[in-house]
Amino acid sequence: MNLETPSQENLKILLDEIADHLSIVNRTIMDAKDYDLNKYSELKSLYDLIKQKGHLSTLETQAFIEELRNTRK
């Protein structure tokens with residue numbers, strides 16, 4: 001799986017994995033069609049940081065969710 005190339009399929013994979021890691025219950029906010037593919041690099045950076053960081057504090061989780069909110073259409 002190569003997530004370096006922006007595509008709707010890769011965007012969906014990123015969002016699904018971010019939602020899993022952040023334990024997001026309401027998955028409707030993570031629908032790939034609600035995100036701009038032009039912001040793929042920002043989402044990929046968030047994804048990479050979450051994967052690297054491992055466990056997140058409550059404040060960190062809230063900050064990531066706020067960043068996701070900012071990248072939505």
Separation between CG (Leu14) and CD (Glu42), nearest 0.5 Å, reads 12.5 Å
The side-chain hydrogen bond (donor to acceptor under 3.5 Å, both in side chains) partners of Asp31 (sequence neighbours excluded) come to none
Indicate yes or no: at least one non-hydrogen side-chain atom of Arg69 is less than 4.5 angstrom from one of Ile65. yes
Please report the closest heavy-atom contact between Asp34 and Arg72, naming both atoms and the distance. OD2-NH2, 3.1 Å
Is the number of heavy atoms from other residues, nucleotides or ligands within 6.0 Å of CD (Gln52) greater than 12? no
Under the side-chain contact (heavy atoms from CB on, under 4.5 Å) rule, collect the residues that match up with Leu56, sequence neighbours excluded. His21, Leu22, Ile50, Lys53, Glu60, Thr61, Phe64
Distance (rounded to the nearest 0.5 Å) between Ile24 CD1 and Asp16 CG: 10.5 Å
About how many Å separate CD1 of Ile29 and OH of Tyr35, when rounded to the nearest 0.5 Å? 6.0 Å
Do any side-chain atoms of residues 1-8 form donor-acceptor pairs under 3.5 angstrom with protein atoms, and if so which ones, sequence neighbours left out?
unit_1, atom_1, unit_2, atom_2, d
Asn2, OD1, Glu4, N, 2.9
Glu4, OE2, Lys44, NZ, 3.3
Ser7, OG, Asn10, N, 3.1

Just verifying a value: how many Å separate Lys51 NZ and Glu17 CD, rounded to the nearest 0.5 Å? 4.0 Å
State the CG-CG distance between Leu11 and Asp36, to the nearest 0.5 angstrom. 9.0 Å
Separation between NZ of Lys12 and NZ of Lys33, rounded to the nearest 0.5 Å: 11.0 Å
Heavy atoms, side chains only, cut-off 4.5 Å: are Leu68 and Met30 in contact? yes
